[in-house]
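What's counted below: heavy atoms across the whole structure, side chains too, no hydrogens, waters or symmetry copies. In listed order, ligands and their atoms are each counted from 1.
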Amino acid sequence: MASLAAHDVAPSKIVCVGRNYRAHAAELGNEVPAEPLLFFKPPSSLLRSGEGIVIPPQSERVEFEGEIAVLIGGRLRHASESEARAAISHVLPLNDVTARDLQRTDGQWTRAKGFDTFCPIGVPVPVGEVDLDSLEVVTTVNGEERQRGRVEQMAFSIPFVLSYASAIMTLEPGDLITTGTPEGVGPLQPGDRVRIEIPGVGAVENPVVGAGSG
Ligand code: ZN
């Protein structure tokens with residue numbers, strides 16, 4: 001499969017999973033749900049490596065969430081886990097930037113997760129070049145490690161999440177699915193540099209800027 005640049009990623013939707021790692025659910029005072037907890041980020045939130053994450057004036061607590069994301073290469077509707085797995089075309093690192101204070105006050109997560117610049121992504125790597133079962137994600141802020149998680153720690157596997165989502169909504173070629181964040185989430189301040197790396201796949205690294213400098 002062909003390589004893609006991050007600017008070639010143009011999903012019809014970005015499907016996300018909340019609370020997919022037990023330790024992260026616990027650090028925010030939540031349980032892992034009985035079924036995957038899905039939400040969307042808007043495609044307008046996408047950001048390339050090197051571009052600035054803008055802290056919006058509406059929030060006083062913007063946090064990083066390092067995640068393993070995949071692109072879908074075919075249409076999935078009511079797909080089995082094996083069909084879903086076969087439809088994954090690329091793997092990429094993703095930062096599910098979140099206004100934690102607004103997530104708490106709003107209940108619905110659309111505003112907290114949906115600001116422009118809140119979805120930095122790395123360059124997608126063809127799935128044939130990686131081992132889907134041994135992926136790891138590492139987050140550093142200003143060079144200091146803050147998160148490290150592995151796919152086998154997920155409550156719901158990537159194929160299960162895709163199969164589950166495809167029973168709700170048709171997943172189109174090019175759609176982007178991100179699979180939740182491990183423990184260690186924390187705040188970002190203007191001047192920080194946040195890097196999400198999937199070893200063997202790649203990284204996305206962004207400076208953080210205040211609303212006035214965007
Ligand atoms: Zn997330």
Nearest to the Zn ion (ligand 1), which N, O or S atom of Asp96 do we find?
OD2
Among Val15, Leu171, Leu46, find the residue that satisfies the side-chain contact (heavy atoms from CB on, under 4.5 Å) test when tested with Leu176.
Leu46
Locate the shortest heavy-atom distance separating Phe39 from Val17; write the atom from each residue and the value.
CE2-C, 3.7 Å
Of all N, O or S atoms in Glu67, which has the smallest distance to the Zn ion (ligand 1)?
OE2
Hey, which N, O or S atom on Glu65 ends up closest to the Zn ion (ligand 1)?
OE1
Of Lys41, Glu65, Glu67, which meets side-chain hydrogen bond (donor to acceptor under 3.5 Å, both in side chains) against Thr178?
Glu67
Give a yes or no on whether the backbone of Ser163 and the side-chain of Ser166 come within a donor-acceptor separation of less than 3.5 Å.
yes
